[in-house]
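What you see below is based on every heavy atom in this structure, not just the backbone, and it leaves out hydrogens, waters and symmetry mates.
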Amino acid sequence: IINIIFMRTVTLKTTDLTDCEIGKFLGAFREVYNQERSITYFKNEYTSTCLEHSFHTLLYNEFDEICGSYSLIPFIYSVKGEEVLVGLGSDLFIKDSYRDNVSNLLSVLNAAIKNAEEVGMVACFGFPNDNSEMVSRAFLKEKRIGLLDTYILPYKIGDYKASMKLLNPFSILFSNCLLGLSHLSSSNNIADTIIRKVRPQFEQTRFKWFNPTDYHLYQNNEMQCVWKISAFEGVKACFLMDVYPLTARNFDKAVRKMVSDVKKECGLFLYVGHLHFTPLSMVKIPRRFEPKAFRFDCRILDKEKLSKVDVFNIDNWEVDLSSYDLL
């Protein structure tokens with residue numbers, strides 16, 4: 001009963017939080033997720049946005065301790081040529097001792113959504129993992145847009161499993177064949193997506209998140225791409241984060257450039273997203289063999305600005321790992 005009476009929620013902008021408050025947030029986050037993050041890491045993610053801040057709904061107990069939180073990162077998307085504000089859900093947590101009372105979770109999520117509507121967001125979307133999928137559906141009332149696909153170039157298969165190291169010469173040969181074949185990729189058809197990231201503003205903020213030096217940019221007068229080396233499911237891999245404009249020719253060129261630059265450092269290359277073509281430089285992993293499910297969910301807040309027909313069709317979206325770092 002005391003738990004119900006004294007719990008309260010407050011929604012603040014990132015820029016309203018002091019370093020001391022951010023430290024308390026990170027302490028509670030560490031307690032739940034067993035992950036260490038710095039204040040700089042936090043600010044890089046949540047202030048590198050189109051509004052220069054994000055929104056954090058915090059759950060406090062009677063001792064003014066942070067016991068839960070849900071953050072929404074603002075993005076500007078173009079929907080059929082009209083720019084709209086949307087929110088990306090991030091870092092949802094409730095401390096163990098406060099999970100028995102479902103009203104704690106509901107109060108955080110409801111306050112966050114109410115604030116999102118007040119600041120003019122037309123939708124909230126997210127990429128729930130296995131643990132948060134139920135929350136996404138039941139409490140956030142998000143619906144599935146679709147599943148992202150995973151593509152791989154296993155340049156050194158031994159980097160995935162040490163026991164397969166003897167197969168490296170064969171995987172290198174196979175990968176070089178794919179890379180050679182990819183030179184035949186000539187299509188410059190751009191997908192007819194109606195929900196797009198607004199550029200160049202997107203690149204100017206998104207790749208300042210976390211540790212900005214982790215992102216590697218290649219650019220010429222025809223295209224640009226970004227990749228990042230990261231641990232994934234306990235394995236070191238290089239991820240192609242973004243290709244723009246996204247065409248078959250540009251995608252295959254981006255993979256070749258990425259491999260050429262980091263093959264001595266990393267032997268596995270992946271792309272997670274939704275493609276409107278079949279690349280020649282990578283192989284699509286069958287759904288049942290994917291190491292992780294990448295779910296893409298959304299809740300429409302303004303039904304006058306967005307229609308279900310447009311939103312809940314993954315073919316209409318420009319979406320990949322840069323839409324949010326899912327690693």
Side-chain angles (χ1 to χ4, degrees), residues 33-37 41 127 129-131 147-185 207 209-219 223-243 246 248-275 277-296 319-327:
Y33 287 108
N34 195 30
Q35 292 181 22
E36 193 72 43
R37 290 182 178 179
Y41 185 102
F127 300 86
N129 57 27
D130 294 343
N131 296 324
L147 296 173
L148 306 189
D149 296 312
T150 303
Y151 296 81
I152 187 169
L153 183 73
Y155 194 80
K156 295 177 184 174
I157 194 66
D159 282 13
Y160 175 66
K161 276 190 178 181
S163 60
M164 303 175 74
K165 193 172 183 179
L166 291 175
L167 298 177
N168 276 352
F170 301 100
S171 64
I172 291 173
L173 177 61
F174 171 75
S175 297
N176 283 334
C177 288
L178 286 184
L179 294 172
L181 183 66
S182 73
H183 284 279
L184 300 176
S185 184
F207 299 114
W209 287 16
F210 310 132
N211 298 311
T213 55
D214 289 345
Y215 299 105
H216 301 272
L217 171 69
Y218 170 77
Q219 188 173 28
M223 54 85 74
Q224 65 184 35
C225 62
V226 176
W227 62 80
K228 174 184 177 181
I229 295 176
S230 180
F232 176 66
E233 303 294 302
V235 177
K236 183 179 179 182
C238 186
F239 290 84
L240 185 59
M241 303 286 295
D242 188 50
V243 180
L246 182 58
R249 180 180 176 182
N250 288 344
F251 182 91
D252 287 326
K253 182 176 182 178
V255 174
R256 292 196 301 271
K257 180 61 180 174
M258 173 177 63
V259 174
S260 174
D261 274 21
V262 301
K263 63 184 179 183
K264 292 182 179 178
E265 183 181 353
C266 186
L268 289 176
F269 300 89
L270 294 108
Y271 173 84
V272 177
H274 185 71
L275 298 177
F277 53 82
T278 301
L280 298 180
S281 56
M282 284 187 164
V283 176
K284 183 178 177 180
I285 300 177
R287 193 73 71 192
R288 65 184 182 276
F289 295 126
E290 288 178 343
K292 180 178 179 179
F294 291 94
R295 308 172 183 90
F296 186 24
V319 57
D320 54 27
L321 276 183
S322 69
S323 303
Y324 181 56
D325 199 326
L326 305 169
L327 308 178

Exercise. Taking it one step at a time, do H216 and D261 satisfy side chain to side chain contact (heavy atoms under 4.5 Å, CB included)?
Worked result: CA-CA 10 Å; H216 301 272; D261 274 21; over 6 Å; no

Problem set entry | Closest approach of Q219 to Q224 (non-hydrogen atoms, all atoms of both residues) | NE2-OE1, 2.9 Å

Problem set entry | Considering all heavy atoms, the nearest N168-G158 contact | OD1-N, 2.7 Å

Exercise. Stepwise, does the side chain to side chain contact (heavy atoms under 4.5 Å, CB included) test hold for R295 with F127?
Worked result: CA-CA 5 Å; R295 308 172 183 90; F127 300 86; over 6 Å; no

Exercise. When F174 is tested against each of V283, I157, L179, L153 for side-chain contact (heavy atoms from CB on, under 4.5 Å), which residue passes?
Worked result: V283

Exercise. With distance as the sole criterion, is a donor-acceptor pair present between the side chains of S182 and R256 under 3.5 Å?
Worked result: yes

Seminar exercise, completed: Taking every heavy atom of M223 against every heavy atom of A254, the minimum-distance pair comes out as CE-CB, 3.8 Å

For this session: Determine whether the side chains of N211 and T213 contain a donor N or O and an acceptor N or O closer than 3.5 Å.
Result: no

Exercise. Heavy atoms, side chains only, cut-off 4.5 Å: are Y218 and W227 in contact?
Worked result: yes

Exercise. How about F296 and H274: do any of their side-chain heavy atoms sit closer than 4.5 Å?
Worked result: no

Problem set entry | Exercise: identify the closest heavy-atom pair between L148 and R287 | O-NH1, 2.9 Å

For this session: Would you name the heavy atoms of F277 and Y151 that are closest together and state the gap between them?
Result: O-OH, 4.4 Å

Exercise. Checking D320 side chain against G273 main chain: does a donor-acceptor pair fall under 3.5 Å?
Worked result: no

Exercise. What do the steps show when you test E265 against K236 for side chain to side chain contact (heavy atoms under 4.5 Å, CB included), and what is the final call?
Worked result: CA-CA 10 Å; E265 183 181 353; K236 183 179 179 182; 3.7 Å; yes

Exercise. For the residue pair F239 and F269, is the inter-centroid distance of their aromatic rings smaller than 6.0 Å?
Worked result: no

Problem set entry | Nearest heavy-atom neighbours spanning Y155 and S175 | CA-OG, 3.3 Å

For this session: Take the angle between the ring planes of F251 and Y271 and call it parallel below 30°, perpendicular above 60°, tilted in between.
Result: perpendicular

Exercise. Does the salt bridge (Lys or Arg N to Asp or Glu O under 4.0 Å) test come out yes or no for D242 and K228, once each step is laid out?
Worked result: CA-CA 10 Å; D242 188 50; K228 174 184 177 181; over 6 Å; no

